[in-house]
Amino acid sequence: MKKLFAIAFLLSVACAAGAQTSSVIVFKGALLIDGTGAPPIKKSVVAIEGDRITAVGKEGKVHYPKNARVIELEGRTIMPGIINAHGHLGLVAGTQTRADAYTRENVENGLIQYEQYGVTSVISLGLNRDLVYELRDEQRRGTFPGATMFTAGRGFGVENGAPQVPVAPDQVYRPRTPEEARAQVREMAAHHPDIVKLWLDDVDGRYLKMDPGIYKAIIEESHQQGLRVAAHVYYLADAKAVIADGVDVLAHSIRDLPVDNELIGMMKAHSVLYIPTLIRDESAFVFAENPEVMQDQFFRLAVSPDLSRMFESAAYRENVEKDPALPKQKAAFAMAQKNLKTLEDAGVRVAFGTDSGAGPFRVPGWAEHRELELMVRSGLTPMQAIVAATKMSAGVTGSPDIGTIEPGKRADFLVLAENPLEKISNTQKMVAIWHGGKEVKPRAGAPSLRAE
Ligand SMILES: [Zn+2]
């Protein structure tokens, strides 16, 4: 407080003397993980002006104005803001997924929660009402808060099939013919979504999968409109089929079989991005099996008291344990972890996502930090997990502006009390979050997540 007062005093003296105060802010002395995968820089300098990073380097090697505001971060670590390339907005109200949940207020709350947890950008990957475009425009004008939103608009599913989420009819297209699919892609393209989403899954054998002629039409027409396509997949054979037709992103892990050389070759040849969403699979049972994960303040602040009560109830636990699908879900989770390690080692482009917001068990904010831990448990290094969650996920958004801490990029980064390269869960020890060159204030009326 004294220090702050002193700075304010000096500033006012400088202003009174007619000296121009620089609008440059300098973050000095932290260990810098820049998101590119390069070795971290000890005693770094990051300079920002407005919403942009202007200079990055080692202390003593970076020039900045003498009258810049300097924030000393000795002993801290800086890393880029997390980018969730597979999230959802406005699907959950209270403890339920509901068709009437997609409201301005719910979308806003979701974006604020992500931002409070250091997720500075999120792709809302399908199941959006067209309201999303209005809100995205407002956000670009600076009048809508929270994490920077990218969107896949409605997305493409199957009549009486996937996705099996209770949504309003105007939240997802379910084309019956390739022609209808093409027309719907064109209709959506007029809104300029950031990416297109399609679902290719029989949901455990319960529904008909999307017809190959339809997904081919969706991919072709999207590319014609200058849009990339992300596919929800589960099965290895389906992943190969959509890649053969040109899909750009796999939005979930392959969970039925080990990935093979044929798939790896296809993914590398087409530069396909892979989003594992491990927490999506773990969330089916983790709260019943490992209730201790819910004791953490980091988790508790992310869920409402109603949700907490539901997760902790004996009925919920019993439901999970008695679910005949449980062994299969666990096997899918194990397969997803194994496949992630194989693909990362093979040099496939691994990005990052959680499917948070898609249901009450997929807790936005908390899920992203858990996902980083699960990626490391799968055998990735903390650096690989961080690069996936920053630079590689920026690749899914299509925005060249975000993802790394380099001159010209947007000033989106986290200041951590401890080094996540030593222990990945240190990403939870956030001291400050900077988004678009502004420090994110702790949510009004809520206890702060900030570490000391
Ligand atoms: Zn999803």
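Every number for a ligand or one of its atoms is a count from 1 in the order of the listing.
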Give a yes or no answer on whether the side chain of Glu371 reaches the backbone of Ile279 with a donor-acceptor pair at less than 3.5 Å.
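Yes, the answer is positive, given that a donor and an acceptor are paired below the 3.5 Å cut-off.
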
May I ask you to say whether Asp51 pairs ionically with Lys438, meaning some side-chain N is under 4.0 Å from a carboxylate O?
no

Relative to the ring of Phe311, is the ring of Phe287 parallel (under 30°), tilted (30 to 60°) or perpendicular (over 60°)?
parallel

Ignoring hydrogens and angles, write down the donor-acceptor pairs under 3.5 Å from the side chains of residues 246-257, residues two or more places apart or on other chains.
residue : atom : partner : partner atom : Å
Asp248  : OD2  : His223  : NE2          : 2.8
Asp248  : OD2  : Val229  : N            : 2.8
His252  : ND1  : Thr277  : OG1          : 2.8
His252  : NE2  : His232  : ND1          : 3.1
Ser253  : OG   : Pro276  : O            : 2.6
Arg255  : NE   : Ser253  : O            : 3.0
Arg255  : NH1  : Asp281  : OD1          : 3.0
Arg255  : NH2  : Val233  : O            : 2.9
Asp256  : OD1  : Leu236  : N            : 2.8

According to ring-ring contact (aromatic ring centres under 6.0 Å, His included), who are the partners of Phe333, at least two apart in sequence or on a separate chain?
Phe285

Counterpart residues, ring-ring contact (aromatic ring centres under 6.0 Å, His included), relative to Tyr133 (two or more places apart):
His191

So how many protein N, O or S atoms does the Zn ion (ligand 1) have within less than 2.8 Å?
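Those protein atoms number 3 in total.
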
